[in-house]
Amino acid sequence: IDPEKAKQRNCKRVESSFSKSGHVIYCLRVKQKIVGFLQFVLDEKRKEAVFTNGAIHPDYQGYSLGAILYSKSFSEVFSLGYEVIKSGYSFQNKAMANIFSSMNFVLSRSEIHLRKYL
């Protein structure tokens with residue numbers, strides 16, 4: 001996928017979630033500028049939150065802001081009464097692997113996704 005098209009697709013996906021019930025987005029601000037976000041879908045019956053999307057602006061990566069955003073948003077999700085948080089990430093995303101490892105996430109399954117570039 002062309003990086004610009006992927007970026008546009010992701011923006012539309014995030015925008016569409018603001019009007020859906022059961023979706024919450026936690027934002028990270030630096031000097032009133034949003035520099036990161038995490039998006040969850042909440043399942044009240046199962047008491048589960050599924051992390052579906054997130055990002056930190058490239059200019060703010062490498063400063064542990066992702067870990068802070070995860071920590072604070074996860075604490076908030078648990079304080080709302082949810083008992084389990086599920087997520088996924090690309091195996092190549094070492095930063096995510098480190099964050100999840102530091103938060104004692106347990107690997108429950110893995111998948112391989114192959115991409116063919118045309």
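Values below: all heavy atoms of this structure, side chains included; hydrogens, waters and symmetry mates excluded.
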* **Non-hydrogen atoms of Y82 and E44 that approach each other most closely** => OH-CG, 3.7 Å

* Asked: Which residue pairs satisfy the salt bridge (Lys or Arg N to Asp or Glu O under 4.0 Å) criterion with at least one member in residues 48-60, sequence neighbours excluded?
  -> E48-K86

* Any chain of hydrophobic side-chain contacts (each under 4.5 Å) joining L38 to V84? -> no

* Any pair counted as salt bridge (Lys or Arg N to Asp or Glu O under 4.0 Å), so long as it reaches residues 22-37, sequence neighbours left out -> none

* Step by step, work out the side chain to side chain contact (heavy atoms under 4.5 Å, CB included) result for I68 and Y63. => CA-CA 10 Å; I68 293 167; Y63 298 105; over 6 Å; no

Would you be so kind as to tabulate the donor-acceptor pairs closer than 3.5 Å made by side chains of residues 71-78, with sequence neighbours excluded?
residue, atom, partner, partner atom, Å
S73, OG, L69, O, 2.8
S73, OG, Y70, O, 3.3
S75, OG, S71, O, 3.0

* Structure fact -> For N53, the side chain to side chain contact (heavy atoms under 4.5 Å, CB included) test, sequence neighbours excluded, returns R13, V14, F37, Q39

* Asked: Heavy-atom distance under 4.5 Å between the side chains of D43 and V50, does that happen here?
  -> no

* To do: Return yes when atom CD of Q61 has more than 12 non-hydrogen atoms of other residues, nucleotides or ligands closer than 6.0 Å, and no otherwise.
  => yes

* Asked: When hydrophobic residues are tied together by side-chain contacts of less than 4.5 Å, even through go-betweens, does L28 share a cluster with Y26?
  -> yes

